[in-house]
Amino acid sequence: MSVQCVDIKFKEYDAELNACVNQKSLRGGQRVQAHMIKTRYLPHTYLGGRLIVLYMKCGCFDGARMVFDEMPERNVVAWTAMISGFTKSGYYIQALHLFLQMLRSGTNPNEFTYATVLTSCTNAFEFECGREIHSLIVKSPFESHIYVGSSLLDLYAKSGKIHEALVVFEGLPERDVVSCTAIISGYAQLGLDKEAVDLFCKLLREGIGFNYVTYACVLTALSGLAAFEQGRQVHGHVLRSQQSFYVVLQNSLIDMYSKCGHLVYARRIFDKMPERTVISWNAMLGGYSKHGIGEAIVDLYNKMREENKINADSTTLLTVLSGCSHGGMEHIGLKFFDEVALKCGVDLGIEHYGCVVDLLGRAGQLERALQFIKKMPFEPNAAIWGSLLGACRAHQNFRVGKIAGGHLLETEPENAGNYVMLCNLYASDGRWDEARKVRQLMKEKAVMKEPGKSWIEFGQTLHTFYAGDRSHPSKEEVLSKVRELSDRIKAAGYTPDLSSVLHDVDNEQKEKVLLGHSEKLALAFGMMNISEAKPIRIMKNLRICVDCHSFAKFVSQVYSRELLIRDKSRFHHIVNGMCSCRDYW
DNA sequence: GTAGGGTTAG
């Protein structure tokens, strides 16, 4: 056979295989492969690479492996196609093993290999391995390659090393939409929402053209901040720039509006969606759950079942369960667990069982909750014991409370909040000796809790207050407004709940500490600045304390103001002295 | 030929 003949055949095979890859036609590819074998056309390294891509794309790992094993010589493309195939299908560890074999075989990785293998490290949480690969990359010229760099900065960001991610980002000779999105997403995923939004704004001013992934990331960050005005502006950008993958963006928008306390906007988007994914349903259900609107959750879940297009996943089940709990529908939630969640074939995690403990706790069935914990197929964690202890305090059950508290302090001895909860349980029954012992234990073992922080949107800006704050420009006016509110609501029956104060000081000092709580500062600021016709919307990083909750209820009643307070786990919608949480959170 | 970033829950 002449050289020319081989060339013509090669071109034909190449074109046919290329078409098969584009159409994802495994059968077509296998026909070409069979023909190549029949005509004894020696498998060319190049065509072998194409076949591997095709097999991998169709999820046929054995086929890809066979081609790979039978190749007379394996070049970097063949290795990379194999590694990439495993990575794209979620088999990260296999991808990493193959990469090691590649190094041992003496084949040098290229920028394609490094980009994909770093993704595998990130997704497999093999951050140390990623760091070692980074040191290999440093010796090659690929560190400043934009694909390798994006993958590398993503690895650092996802392992919590945002500073190192930033060093990689700033070392890139050029920036594009993916590298910029990776760093924004890095901030957002670490909860550094403000930093994510600031960087987004800066890059936007620099003229980077963003796409749907970037907008989804920044909307997540804005959800965290509950920055409604900015969220609305981003929504405008999204509409004007006619982004593709609009479902993903609509999902993010539903979440953003829900978490900003604007459920009506969220539902409007949901209702108009031409197509929905399970995330769309979960986001909308999550909105109702956080707002404690139990009936809406059940209605929406039923609608999802009736449409019969999308199956519930483990998040759906979790959201419905926690929604029933937040929405005061304990019995419906428990029935849902037994009749739906356990039977629908979806794998349940410890969080689902945690919701059941919460539901039983709210229903006052504490002995039953304890038995449930003993029988569940998971080792109980701090969240489970904490939930039970909280319920014991609300229902004044000391027997179960003591058991839950003991386990809680064993599981999570560093969390000061746990000691406070147990201490309060003892104090509410006048068991001062036991309360004092717990307090002593806390001094020895617990670390300082995260400082309380509340914020409120006014004039397109987020105004942030910390507990005992001295940093806000109008701190004096705000503090004197808090005192004014306190005096006025005391006349209507409010008494400060001094048990919420950790410090060992006299009652007068305790009251002073309470008046400095961040949510009271934010509330006073809202009362000073937000027009009476509008509800006051406040965000808090921790759970709202008992005293601030009661304070807010009295303010809503005495001043006829509608308040919407979002704490770490839910919304408290307070109108005329009543809260949507029914005083259980 | 082979490559990088994403949305819900906890």
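Quick note: numbers below take in every heavy atom, side chains included, and nothing from hydrogens, waters or symmetry partners. Chain naming here is simple, since letters A, B, ... match the order of the sequence lines and numbering starts at 1 in each.
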Undergrad: Counting only side-chain heavy atoms from C-beta out, which of B:dG10, B:dG6, B:dA9 sits nearest to A:Thr315?
TA: B:dA9
Undergrad: Pairing donors with acceptors under 3.5 angstrom, does anything connect the side chains of A:Asp358 and A:Ser325?
TA: yes
Undergrad: Distance check needed: B:dG6 C1' versus A:Leu190 CG, whole Å only.
TA: 15 Å
Undergrad: Please tell me which of the listed nucleotides, B:dT8, B:dG5, B:dG4, lies nearest to the side chain of A:Thr220?
TA: B:dT8
Undergrad: Classify the side-chain pair A:Asp255/A:Ser252 by whether it contains a donor and acceptor separated by less than 3.5 Å.
TA: no
Undergrad: Please list residues of residues 254-265 of chain A whose heavy atoms come under 4.0 Å from any atom in DNA chain B, ordered by number; otherwise none.
TA: A:Asp255, A:Lys259
Undergrad: Pick base, sugar-phosphate or nothing for A:Thr181, based on heavy-atom distances below 4.0 Å to the nucleic acid.
TA: base
Undergrad: Which part of the nucleic acid, if any, lies within reach of A:Tyr215 when heavy atoms closer than 4.0 Å are counted: base, sugar-phosphate only, or nothing?
TA: nothing
Undergrad: How is A:Leu17 classified with respect to the nucleic acid when contacts are heavy atoms under 4.0 Å: base, sugar-phosphate, or nothing?
TA: nothing
Undergrad: For the CD atom of A:Gln101 and the OG1 atom of A:Thr107, what is their distance to the nearest 0.5 Å?
TA: 11.0 Å
Undergrad: Mind checking if A:Asn211 touches a base, just sugar-phosphate, or nothing, with heavy atoms under 4.0 Å?
TA: base
Undergrad: Under 3.5 Å, is there a donor-acceptor pair linking the side chains of A:Thr113 and A:Asn110?
TA: yes
Undergrad: Does a salt bridge link A:Glu206 with A:Lys202, judged by any charged N lying under 4.0 Å from a carboxylate O?
TA: yes
Undergrad: Using a heavy-atom cut-off of under 4.0 Å over every strand shown, decide if A:Asn18 touches base, sugar-phosphate, or nothing.
TA: nothing
Undergrad: Of the candidate nucleotides B:dT2, B:dG1, B:dG6, which contains the atom at the shortest distance from the side chain of A:Arg50?
TA: B:dG1
Undergrad: When the ring planes of A:Phe61 and A:Phe86 are compared, do they come out parallel, tilted or perpendicular, using 30° and 60° as the limits?
TA: parallel
Undergrad: Can you tell me which nucleotide in B:dG6, B:dT2, B:dT7 comes closest to the side chain of A:Ser252?
TA: B:dT7
Undergrad: Have a look at A:Gln243 and say if it touches a base, only the backbone sugar-phosphate, or nothing, with a 4.0 Å heavy-atom cut-off.
TA: nothing
Undergrad: Across the strands shown, which category fits A:Val117 at heavy-atom distances under 4.0 angstrom: base, sugar-phosphate, nothing?
TA: nothing
Undergrad: If only side-chain N and O atoms of A:Ser185 are considered, is one of them under 4.0 Å from the OP1 or OP2 phosphate oxygen of B:dG6?
TA: yes
Undergrad: Expressed as a whole number of angstroms, how long is the span from A:Leu348:CG to B:dG10:C1'?
TA: 14 Å
Undergrad: Considering every strand and a 4.0 Å limit on heavy-atom distances, what is the contact class for A:Asp358: base, sugar-phosphate, or nothing?
TA: nothing
Undergrad: Among B:dG4, B:dT2, B:dT7, which is the nearest nucleotide to the side chain of A:Asp176?
TA: B:dG4
Undergrad: If you only use heavy atoms from C-beta on, which nucleotide in B:dG10, B:dT2, B:dG4 is closest to the side chain of A:Leu318?
TA: B:dG10
Undergrad: Could you tell me whether A:Val53 contacts a base, only the sugar-phosphate backbone, or nothing, with contacts defined as non-hydrogen atoms closer than 4.0 Å?
TA: sugar-phosphate
Undergrad: Can the ring centroids of A:Phe68 and A:Tyr55 be said to lie less than 6.0 angstrom from one another?
TA: no
Undergrad: What is the distance from CG of A:Asn22 to C1' of B:dG1, rounded to the nearest Å?
TA: 11 Å
Undergrad: Remember a base hit wins even if backbone is also touched, and classify A:Asp14 as base, sugar-phosphate or nothing at under 4.0 Å, heavy atoms.
TA: nothing
Undergrad: Can you confirm whether A:Ser120 sits close enough to A:Thr116 that some side-chain heavy atom of one is under 4.5 Å from a side-chain heavy atom of the other?
TA: no
Undergrad: Could you identify which residues of residues 274-290 of chain A place a heavy atom less than 4.0 Å from some atom of DNA chain B, listed by residue number, or say none?
TA: A:Ile279, A:Asn282, A:Lys290
Undergrad: Nearest to the A:Ser179 side chain among B:dT2, B:dG4, B:dG6, which nucleotide is it?
TA: B:dG4
Undergrad: Is the shortest side-chain N/O distance from A:Gln189 to OP1 or OP2 of B:dG5 below 4.0 Å?
TA: no
Undergrad: Between A:Glu128 and A:Arg131, does at least one N-O distance fall below 4.0 Å, as a salt bridge requires?
TA: yes
Undergrad: Tell me whether the side-chain N or O atoms of A:Ser151 pair up with the base of B:dG4 as donor and acceptor below 3.5 Å, since no angle test is needed here.
TA: no
Undergrad: Kindly point out which of B:dT2, B:dT7, B:dG4 is positioned nearest to the side chain of A:Ala115?
TA: B:dG4
Undergrad: Does a donor on one side chain and an acceptor on the other come within less than 3.5 Å for A:Tyr265 and A:His235?
TA: no
